[in-house]
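Just so you know, residue 1 is the first one in the sequence shown, and it goes up from there. These values consider heavy atoms only, across backbone and side chains, with no hydrogens, waters or symmetry-generated copies.
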Amino acid sequence: MKKDERKVGHIAYVDCFSGASGDMLLGAWLDAGLGFDDLRSDIALLGLSECEITVKRKANHGICGSKFDVHDHGHDRPAHNLSAVRRIIEASTLPEDVVTRSLLVFERLAHAEARVHGVSVDEIHFHELGAVDSLVDIVGFCVALRRMEIDTLYVSPLPVGSGMVRTEHGPLPVPAPATLDLLAEVGAPIIPSQARSELVTPTGAALLSTLGQFTQPAMHVQRVGYGFGTKEFEWPNLLRIWIGEPWQGVGPQSQLGEWTRPQATPEKDAHSHAESHGHKHSHHHPHDHDDATDHSDAAPAHAEDRTN
């Protein structure tokens, strides 16, 4: 992908009737026409050794779509903080807009985790699988926006789920604190759901609340992609991405990536009271996503690689 390639684009609407996670979003982009080989070649620019991505066709409740997964075959990967993640992304030869958007999403995610844990951003670590999955999901989403020529992204209201999720800190409520912080920061619309499970992951929340606008546009729909999650519900656990052009009766629309993070108030800024919490680091660990209450011993509430 050349850095100067850019055409007049389209708009997209993310229909999150069953929530959103990084794997669901990438599955929907691939189902809508994103080339898998293109995505794989762009992800390879990150230099993540022993990392494999796969996509397969899936049918559920009479709907066909795509299931995307990240497989990390590496062992004993070090934890990455925001500075390390920034170095990995900036060292790649990805286009400038992909780099900028990816870093913006990671920065918002790190700031949300810092506020929740009461530590500084530098003390937030994206641990092991979480770092690899998060890099692939976030950078891959930004690659999709460019390759699919999306100028403006819209997002539906989000059903976040309910119940509890067990973490290294013990049981925590759904939505996970970092997820709720990200959505609250932009005033995202949240709707009730009968699901006793986590439907919106921190990665999904970070991507959609950073790069999207929470409103449904008037549009001419030209194609639709379906991306499946991992969990099984009484309804099809997937999200849809509608791609098309604005209806001509609608006025000018703002472009992607114009959102900027509000300044933290002194009482909410994690830097101002990190010492009072008695711990140095907060780590993110992956957990089993088939059930919000099933996970490994090292599964945090805010693992960016969580799937729905």
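Note on Phe36: it clusters hydrophobically with Leu25, by side-chain heavy-atom contacts below 4.5 Å among ILVMFWY residues. Under the 4.5 Å side-chain heavy-atom criterion for Ile, Leu, Val, Met, Phe, Trp and Tyr, Ile191 and Val186 are members of distinct hydrophobic clusters.
Residue Pro217 comes nearest to Tyr154 through the heavy atom pair CG-CD1, 3.5 Å, listed as atom of the first residue, atom of the second, then distance. When all heavy atoms of Leu82 and Ala110 are compared, the pair lying nearest together is CD2-CB, 4.1 Å. A pairwise comparison of heavy atoms in Val70 and Ile53 identifies CG2-CG2, 4.4 Å as the closest pair. The nearest pair of heavy atoms linking Ile150 to Leu153 is CG2-N, 4.5 Å. In terms of heavy-atom proximity, Pro175 sits nearest to Leu180 at CG-CD1, 3.9 Å. Closest approach of Cys64 to Arg57, counting heavy atoms only: CB-NH2, 3.6 Å.
When Val99, Ile43, Leu45, Leu103 are each tested for a side-chain contact (heavy atoms from CB on, under 4.5 Å) with Val139, only one passes: Ile43. Between Arg108 and the choices Leu211, Leu182, Leu207, the side-chain contact (heavy atoms from CB on, under 4.5 Å) rule is met once, by Leu182.
Ion pairing between a basic and an acidic side chain is recognised when a charged N comes within 4.0 Å of a carboxylate O; Arg146 and Asp42 show no such pairing.
Taking OG from Ser102 and CG from Leu94, the interatomic distance works out to 7.0 Å, rounded to the nearest 0.5 Å. Once rounded to the nearest 0.5 Å, the distance linking CZ of Arg40 with CD of Glu52 reads 8.5 Å. Between the CD1 atom in Ile124 and the CG atom in Leu109 there is a gap of 9.0 Å [rounded to 0.5 Å]. Taking CG of Leu238 as the reference point, atom CD1 of Ile63 lies at 5.5 Å (rounded to 0.5 Å). How far CD of Gln194 is from CD of Glu234: 6.0 Å, rounded to the nearest 0.5 Å. Atom-to-atom distance recorded for Ser197:OG and Met164:CE is 13.5 Å, nearest 0.5 angstrom.
Residue pairs that meet the ring pair (Phe, Tyr, Trp, His ring centres under 6.0 Å) test with at least one member in residues 225-245, sequence neighbours left out, are Tyr13-Trp242, Phe233-Trp235.
The shortest distance between side-chain heavy atoms of Phe141 and Thr203 does not fall below 4.5 Å. Counting heavy atoms from C-beta outward, Ser66 and Trp29 have side chains that stay 4.5 Å or more apart. Residues Asn60 and Glu232 have side chains in contact (heavy-atom distance under 4.5 Å, counting atoms from C-beta outward). Side-chain contact between Met219 and His10 is absent, with no heavy-atom pair separated by less than 4.5 Å. When side chains are defined from C-beta on, Cys16 counts as touching Leu208, because their heavy atoms get closer than 4.5 Å. With a 4.5 Å cut-off on side-chain heavy atoms, Val174 and Ser162 do not count as touching. For the pair Thr210/Glu107, no side-chain contact is recorded, criterion being any heavy-atom separation below 4.5 Å from C-beta on. A heavy-atom distance below 4.5 Å is found between the side chains of Val14 and Ile241.
In this structure, Asn237 contributes its side chain and Lys231 its backbone to a donor-acceptor pair below 3.5 Å. In this structure, Arg223 contributes its side chain and Gly244 its backbone to no donor-acceptor pair below 3.5 Å.
Side chains of Asp23 and Ser21: a donor-acceptor N/O pair is present below 3.5 angstrom, by distance only.
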